[in-house]
Amino acid sequence: MTRPAPTTEPSGLRPVSGHQPAEGGIAARARATADAPYLRDLNPEQREAVETTDGPVLVLAGAGTGKTRALTTRLTHLLTTRKARPGELLAVTFTNKAAREMQARTGDLIGNVVEGMRWLGTFHSIGVKMLRRDAELVGLRSDFSILDTDDQIRLLKQLIVADNIDPKRWPARQLAAFIDRWKNRGMTPDKVPAGEAFAFANGKGAELYGAYQQRLKILNAADFGDLLLESFRLLQENPDLLKSYQERFRYMLVDEYQDTNAVQYLWLKLLAQGHGNICCVGDDDQSIYGWRGADVDNILRFEKDFPGAKVIRLERNYRSSEHILGAASGLIAHNEARLGKTLHTEIDGGDRIAVQGVWDSGEEARQIGEDIEQAQRGGHLLDEIAILVRASFQMREFEERFITLGLPYRVIGGPRFYERLEIRDALAYLKLVVQGDNDLAFERIVNVPKRGLGDAALKILHGFARSARVSLMQAATSLIETDELTARARASLKGFVEDIARWRAMIDTTPHTELAEIILDESGYTAMWQKDKSANAPGRLENLKELVRAMGEYENLAGFLEHVALVMERDSGPDEDKVNLMTLHSAKGLEFDTVFLPGWEEGLFPHQRAMDESGHAGLEEERRLAYVGLTRARKRAKITFAGNRRVHNLWQSAIPSRFLDELPEAHVDVEETSGGYGGLGGFGESRFDRRQDFASSYDTPGWQRARRAAGDGATPSRGPRTIEGELVATEDPAASRHMVGERIFHQKFGYGRIAAADGNKLTIDFEKSGRKKVLDSFVERH
DNA sequence: TGATGCTGCGTTTTT
DNA sequence: CGCAGCATCA
């Protein structure tokens, strides 16, 4: 029987000398690993990533290179070779989905369910776990509740108002964003730089942050940011505790390292100072969450942060065809801040990336709809088709089109199940029953449905609770024995308090799903929506049913509530064959045979705001987003761009995305537009053919042909391509050479004089509307 | 308490 | 333009 070459002790296995002798002896272990069936299907790089167990390791895993396989095999290897017991592995991911997949696939490899991997989970869930164990060290009790963004904002608003700050001028949302950013960077209120604290309410920023943190402790609550920051603080301020964790975690594994933010990095760094066996897996080219605190530099800096680190590149792509990979690689090569990888695929040939220009977003949707129908006739599964958009407003047009065509589709992403109003209300009821002192839950539902407990009654209640230093529920219990409240409010509050108490008494005797139904029913909450005649009321009732159904998967109410804040996801069981519609961001990690990428226009993609706010770094992140989009495709990818797009109900002409120019010609086919636009009625061919309006320096033969057909020879200059201008037919399509100082007429802006010209882009001082940038084809000489 | 009108905003989203 | 959130009025 032929065996793979004796890769027993690749030099990378023990990069650090002076390590303790291997348990069981090197030879014995070598025999064990060479035989291990789980290693057989790995390529040499994956295998190295698995077998380089000790010391810091960075696995740069390109798109589709079998990252998850390497990762789960690594866990399997550590367990099988007994380098660590399940409880000694720390494995962190960003999403619950990724954590579940890691758990399941490791189990598959080992051959049965892995038990005791208690430290496999998201950063947040592991943070919660640490905090619950030692909550008092950060000023919480172990049953602290977890606030979501909505609670957070309500709370901040109270604080802003209490501080006599105008909440309109200084919105709580904005403060929440600041606080989030501070927490992401590992800053407690006292560490906020003075300059930044000033950014909110003239210097009240840090103060409010401090007040908010205090309030959270009083409420025995933590927000999402705290789960990271407070668990970091817990470790940092308690050396003995830190030491015990450092000793516990013999091996650490971090998925999607490019998405880590500063606190996560600091947290990992602390823990890794123990055994030093930290393996981070990621792809700098797929870092697309910079805007919410992720710091690509973490991955770029890895070798500096962890001296002696071994860097392993996974560059064999098993997903995409040659052309798709070639196009994506060519595109991402335009980024400067990257470690650099060269992906290869053995899937030869296939179709080139199709690029097509269309008249407007309507035609784009029609065209893609047609393409999909054609694919479907050819036997293509709709499940294997995805449309990836940059911004969610782009989805509407596709949905409308698909409904007209009767083409089944599903939208992935969108508002989260547990963020819905009715779900949050229902959860507040359940929380209040389980955790009587949860003031936020109390506030939320004490008058939902309406019980006649208005502002006046609540003010008295709040005042009493504050002076007596008790929870709102305790305050209510006392108040109903007095005459502080009006008779009506008192009776109503009494009913409410008694209801909650009655339900609480049922916790141990009633199955929790049944109890939930009783609560929703007897509280009048269900009835409230049944009476509501608005269009979304039936949907809300459906969601409540879904909530109760989801609860059935947990042991009891407390168990359900513990998970719900962190783990609850929308129901998405496998259903019929449907086209997938989602944003590029939510497509990360997924793959499809065929991918449509609409809206590749300057301003939309790359998005103007990303560039305005983050400049070059923003542009590079947009480019990574394009790379993520392309690499989702196994066999076919088609990019479209529209010459006109309606934004905020204004028609804007657009020019093709610079990313199109960055795709290597050899992997691209420019499709000449089919007759799809013929039915536009009034908007005839001549207009469409005037494609030079959004011409680029794109240079494939097909493109040139298309250009020649359009009668344009000039290559407009590069430069910032934010061009606004309403699309209006010009009489003379050849009128494109204008001089500075020339007087012109524009359909929308009237008369003006040219202040500057840059290719076909003119800066004009209009007599009535001031300085504007317009395209030369929209102005006439005068 | 509910209805009505006004203002401001309009990229991506996990936990 | 369309929507959400808020304030104001009846």
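The analysis underlying the following values was restricted to heavy atoms, covering all of them including side chains, and did not include hydrogens, waters or symmetry mates. Here is how names work: the chains are called A, B, and so on, in the same order as the sequence lines, proteins then strands, and each is numbered from 1.
Nearest approach of Arg444(A) to Leu421(A), heavy atoms of both residues: NH2-O, 3.6 Å. Across every non-hydrogen atom of Ile288(A) and Asp259(A), the tightest pair is N-OD1, 4.2 Å.
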Using nucleotides 1-10 of chain C, report all nitrogen or oxygen pairs with the protein that are shorter than 3.5 Å.
unit_1	atom_1	unit_2	atom_2	d
dC1(C)	O4'	Asn649(A)	ND2	2.6
dC6(C)	OP1	Lys157(A)	NZ	3.3

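When the nucleotides dT1(B), dT15(B), dT11(B) are ranked by their closest atom to the side chain of Arg609(A), dT11(B) comes out on top. The side chain of Arg292(A) lies closest to dT13(B) when the candidates are dT13(B), dT12(B), dT1(B). Checking dT15(B), dG2(B), dT13(B) against the side-chain heavy atoms of Ser586(A) singles out dT13(B) as nearest. Candidate nucleotides dT11(B), dT15(B), dT12(B) were compared by shortest atom distance to the side chain of Glu613(A), and dT11(B) ranks first.
Rounded to an integer number of Å, the gap from Phe393(A) CZ to dT13(B) P is 13 Å. When rounded to the nearest whole Å, the span between NE2 of His124(A) and P of dT15(B) equals 9 Å. As a whole-Å value, the separation of Asn447(A) CG from dG2(B) P is 9 Å. In this entry the distance linking CD of Gln264(A) with C1' of dT15(B) reads 10 Å, nearest Å. The separation between Trp291(A) atom CH2 and dT12(B) atom C1' is 4 Å, rounded to whole Å. In this structure, Leu625(A) atom CG and dT12(B) atom C1' are separated by 7 Å, rounded to whole Å. dG10(B) atom C1' lies 13 Å from atom CG of Leu604(A), rounded to whole Å. In this entry the distance linking OH of Tyr289(A) with P of dT12(B) reads 12 Å, nearest Å.
Ring-plane geometry between Tyr245(A) and Trp119(A) is classed as perpendicular, the angle between the planes exceeding 60 degrees on a 0 to 90 degree scale with a lower cut at 30. Between Tyr289(A) and Trp291(A), the two ring planes are tilted [angle within 30° to 60°].
When each of His585(A) and Arg451(A) is assigned the nucleotide of DNA chain B bearing its nearest heavy atom, the one mapping closer to the 5' terminus is Arg451(A). Judged by closest nucleotide on DNA chain B, Lys450(A) is the one of Ala391(A) and Lys450(A) placed further toward the 5' end.
Environment of NZ in Lys494(A): sparse, with no more than 12 heavy atoms of neighbouring residues, nucleotides or ligands closer than 6.0 Å.
Between dT12(B) and dG5(C), the distance separating the two P atoms is 16 Å to the nearest Å. Only the C1' atoms considered, dT13(B) is 23 Å distant from dG2(C), to the nearest whole Å.
For dT13(B), one of the phosphate oxygens OP1 or OP2 lies less than 4.0 angstrom from a side-chain nitrogen or oxygen of Thr583(A).
Arg181(A) forms a cation-pi arrangement with Phe178(A), by the criterion of a distance under 6.0 Å to the ring centre and an angle within 45° of the ring axis. With Phe144(A) as the aromatic partner, Arg132(A) meets the cation-pi criteria of under 6.0 angstrom to the ring centre and within 45 degrees of the ring axis.
Nucleic acid contact for Arg390(A): base, since at least one base atom lies under 4.0 Å from a heavy atom of the residue. When heavy atoms are screened at a 4.0 angstrom cut-off, Glu622(A) is found touching no nucleic acid atom at all. Residue Gly452(A) is classed as a sugar-phosphate contact, given heavy-atom separations below 4.0 Å to backbone atoms only.
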Considering only distance and modelled atom types, tabulate donor-acceptor pairs under 3.5 Å from the side chains of residues 153-162 of chain A, sequence neighbours left out.
unit_1	atom_1	unit_2	atom_2	d
Arg154(A)	NH1	Asp151(A)	OD1	3.2
Arg154(A)	NH2	Leu440(A)	O	3.3
Gln158(A)	NE2	Glu443(A)	OE1	3.1

